[in-house]
Amino acid sequence: MPNSSSTPNNNDKPQLPVISQSELQDLMKKHGQPAFRAKQVIDWRNKGVLNPDAMKNIPGELRHILNAELICEPLRLVRRECSVDGTRKYVFALNRPRFSGKMVESVLIPEQSRGTVCISSQVGCVLDCPFCHTGTQGFEANLTAGEIVAQVLMIKADLHNEPLAGDLHNEVTHIVYMGMGEPLANETGLHDSLIALLSDDGLKLSRRRITVSTSGLVPQINRLGEAFNVNLAISLHSAIDSLRDTLVPINKKHPLKQLRDCLNRYSLGKQRHITLEYVLLKETNDREEDIRALIDFVNPERERVNLIQFNPYPGSPYDGSSKEHMSKFAQQLISKGIRATVRRSRGQDIMAACGQLKAETSKE
Ligand code: SF4
């Protein structure tokens, strides 16, 4: 794993969400503060408290130092929407001078036994998959590592301040990089955020609980596997090159053969699988020939297929396959020994479901 570092943002100050304890200790030393203060600040940070004024057991002088030396709150919560199923969608604005007002979205998907946070890695996306609402926004900015990790920390704090009703899990246990943007097109932000999420003085998450989803940037997947070996999900959506060229245009650069070789090399631990995401679009990628191509592509020993219901957004050019057709599609894969699941869509009523995220930057 590369060395830990807190990514500076555009004015080169370290960011509190990703700073390491040893970097904070250096800062304490520089300002004549006792070393134990660094641990106190880290404890607050890991609870999601990023505003030094809310860190109750640290002196006023240190609050002033933190505010002056660090970017403590790289994001600002603009809006939170709650779905009837417990899903929460958060809209955050970037606190950067040049990008002030630009927004990203994150989603908390709670279940009884886990709390998954889906985070964004870019404002908009560098790629333009035609079925994806984010893709229609165009690319606006890469998020810094601090901005990526702040999404997790601020959702953690929100869960603490306002726990979920019923028997839903109230902790963040899993992270998926499946929000806005192509994480592997923001490699620095992704790698530095992973270091912070995995580190002992950060959230200390297991690599088995973090999933990076990519449209298939082959060299970057290789580097991700070598450096972090987290779970991998691929936005496959077709196993036919000519169709995938349209649905996932990065396929023109890294076609299926290259992707296949790369997936075969990705190192997996025991009981781990690569997930192949497949959104079912009516009469587009749900035909007999599509199933046959998918069956040929999948390596059932190492991969499973996650079939996703298409979530329409205003003006989307596709329709989703019917529920019956999705089940039939899944059964055909299962009959060939391929693990296939149909993903239950969450948060659809608040446009928080897969492929529906798009920051409404003009509506702040
Ligand atoms: S599907 Fe992913 S990679 Fe494609 S445009 Fe949407 S966010 Fe970007």
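Nothing here was measured: the structure is a model prediction, and the numbers come from that model. Starting from 1, each residue takes its place in the sequence as its number. We count ligands from 1, going down the list as the structure has it; atoms in each ligand are counted the same way.
- In summary, of the residues considered (Ile119, Leu75, Val104), a side-chain contact (heavy atoms from CB on, under 4.5 Å) with Leu143 occurs for Val104 alone.
- More than 12 heavy atoms of other residues, nucleotides or ligands lie within 6.0 Å of CD in Gln258, so this atom counts as buried by the packing criterion.
- Protein N/O/S atoms found under 2.8 Å from atom 6 (Fe) of ligand 1: Cys132 SG.
- The pair Arg287-Asp290 counts as a salt bridge, with a side-chain nitrogen and a carboxylate oxygen less than 4.0 angstrom apart.
- In this structure, His191 and Phe228 have perpendicular ring planes: the angle between them is above 60°, well past the 30° mark.
- Using a 4.0 Å cut-off between charged nitrogen and carboxylate oxygen, Glu81 and Arg79 count as a salt-bridge pair.
- Residue Glu182 forms a side chain to side chain donor-acceptor pair (under 3.5 Å) with just one option from Ser121, Ser215, Ser235, and that option is Ser215.
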